[in-house]
Amino acid sequence: MDLFEYQGKQLFAAGGIPVARSWMIHPQGPDALEVADSLGLPLVVKAQALTGGRGKAGGVRVARTRDELTRDVAEIMAMTIRGKQVVGVLLEEAIDFQRELYLALAVDRAAKRPLLLFSVRGGVDIEGVARDEPQALMRRHIDPLNGLQDAQIAELVDWAGFSGGLATQFAELVRDLWQLFCAHDATLVEINPLCVCGERLLALDAKITLDGNATFRHPEWSAYETNADERELRAAQAGINYVSLDGDIGVLGNGAGMVMSTLDLIAEAGGGAANFLDVGGGAREARIAAALDLILADQRVRALCVTIFGGITRCDEVAHALVNVLGAKGASVAGLPVVVRLDGTGAAEGRRIVAEAGLPGVQAAETVWQAVQATVAAAAGSAARPDADDGAPAGPGKV
Ligand code: GDP
Ligand code: MN
């Protein structure tokens with residue numbers, strides 16, 4: 001789960017990471033001019049949206065006068081940045097800085113370790129630095145049992161070129177950030193830019209991703225519920241396991257293992273899954289209808305792969321539910337290729353039900369691999385669906 005910058009900065013302030021004074025303005029919140037009265041001008045007006053690149057998109061502006069402030073707040077409040085809604089603006093005292101650094105802690109899943117990232121070339125173009133000059137980005141793994149080591153901090157201070165008071169502050173900040181990363185079960189904590197303002201260090205941006213698997217031990221996270229991807233929230237309410245992904249093939253299966261294997265096979269066949277969706281056991285039509293709604297609400301979906309293994313759940317019952325739901329949806333699935341793979345209890349009967357329903361674009365397959373290949377081929381030949389309800393692209397890639 002991603003936090004807004006203002007929420008991240010609240011955690012920073014509580015964790016000893018220095019931040020500038022700021023004030024959050026929600027659409028119905030206090031007037032920006034009142035904030036100007038107490039914090040003074042100029043103020044930096046920052047869009048609060050769950051995406052990076054706000055600066056480049058015009059979502060971060062410096063307001064020097066009261067008129068500019070009123071105008072900037074109104075304009076930024078109405079923006080959508082990279083498909084993400086702006087939920088409010090953060091007004092922050094404008095800081096003059098000499099240097100912009102980049103500092104982050106992430107979970108490196110491949111290495112199964114936390115990863116410390118640092119660069120003296122922070123600011124809005126860190127992606128360009130990472131791409132074109134990877135040597136300018138320091139990467140150090142942290143032993144999960146022993147934690148961040150003093151020697152690693154010393155190396156970092158050295159890279160940054162700090163001495164004296166700044167060196168001490170920076171070392172402390174890195175330690176605090178590591179503490180924060182662990183204590184909050186984060187998978188990403190990123191400061192870009194971390195600014196050097198005279199003899200002070202300040203985190204001018206905050207990007208924090210929390211590990212959803214740790215929700216059970218963080219009752220305080222309920223305050224962040226509204227941050228969740230809207231479709232994921234709807235799924236949770238319907239009791240469906242759903243995760244948005246980047247591709248264009250909708251996936252519906254029963255059992256997490258089944259769905260994950262299907263995602264792997266889709267990648268193997270050269271396709272990209274649009275989602276992970278596990279409807280669980282049983283064949284309740286309401287559940288399948290809710291699952292299809294979730295998948296179809298994603299405009300990028302060009303084909304749908306349904307894969308069910310019948311055990312206690314009978315394939316013929318699932319087939320009935322599926323045919324009823326797809327039939328009832330009619331227009332909203334028209335033109336969308338659907339491949340249904342049924343195996344296990346009642347499979348033959350289920351396939352017969354799908355075939356006899358004769359729904360346009362719906363075909364039955366016997367194995368997951370056949371279903372996946374047919375879906376990938378169908379997606380490649382299928383047009384984008386202009387009538388779907390929203391076009392929100394997936395968020396930035398998660399480490
Ligand atoms: P992002 O583009 O979404 O990462 O948004 P940031 O919060 O990082 O802001 C983008 C850029 O705006 C930063 O890299 C800074 O250069 C600049 N910026 C942000 N806050 C301030 C500030 O208080 N003073 C000044 N002068 N620049 C700022
Ligand atoms: Mn930033």
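This is a predicted model, so every value here is computed, not measured. Every number for a ligand or one of its atoms is a count from 1 in the order of the listing.
Under 3.5 Å, the side chains of T209 and D2 contain a donor-acceptor pair of N or O atoms.
Backbone or side-chain N, O or S atoms of D205 reach the Mn ion (ligand 2) at under 2.8 Å.
Residues L91 and Y6 fail the side-chain proximity criterion, which asks for heavy atoms closer than 4.5 Å. For the pair V301/D248, no side-chain contact is recorded, criterion being any heavy-atom separation below 4.5 Å from C-beta on.
Screening R61, R21, K9 for a salt bridge (charged side-chain N to carboxylate O under 4.0 Å, His left out) with E92, the sole residue that qualifies is K9.
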Check ligand 1 for N or O atoms under 3.5 Å from a protein N or O and list each pair with its distance.
from     : atom 1 : to   : atom 2 : distance (Å)
ligand 1 : 2 (O)  : R54  : N      : 3.3
ligand 1 : 2 (O)  : G55  : N      : 2.8
ligand 1 : 3 (O)  : G53  : N      : 3.4
ligand 1 : 3 (O)  : R54  : N      : 2.9
ligand 1 : 3 (O)  : R54  : NE     : 2.7
ligand 1 : 3 (O)  : R54  : NH2    : 3.4
ligand 1 : 4 (O)  : D205 : OD2    : 3.1
ligand 1 : 5 (O)  : R54  : NH2    : 3.1
ligand 1 : 7 (O)  : K46  : NZ     : 2.5
ligand 1 : 7 (O)  : R54  : NH2    : 3.1
ligand 1 : 7 (O)  : D205 : OD2    : 3.3
ligand 1 : 8 (O)  : N192 : O      : 3.0
ligand 1 : 8 (O)  : D205 : OD2    : 3.1
ligand 1 : 14 (O) : E100 : OE2    : 2.9
ligand 1 : 16 (O) : E100 : OE2    : 2.6
ligand 1 : 23 (O) : I95  : N      : 3.2
ligand 1 : 24 (N) : I95  : N      : 3.3
ligand 1 : 24 (N) : I95  : O      : 3.0
ligand 1 : 26 (N) : I95  : O      : 3.0

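Electrostatic pairing of R54 and E5 counts as a salt bridge here, judged by a charged N lying under 4.0 Å from a carboxylate O. A salt bridge does not link K207 with D205: every distance from a Lys NZ or Arg NE/NH1/NH2 to an Asp or Glu carboxylate oxygen is 4.0 Å or more.
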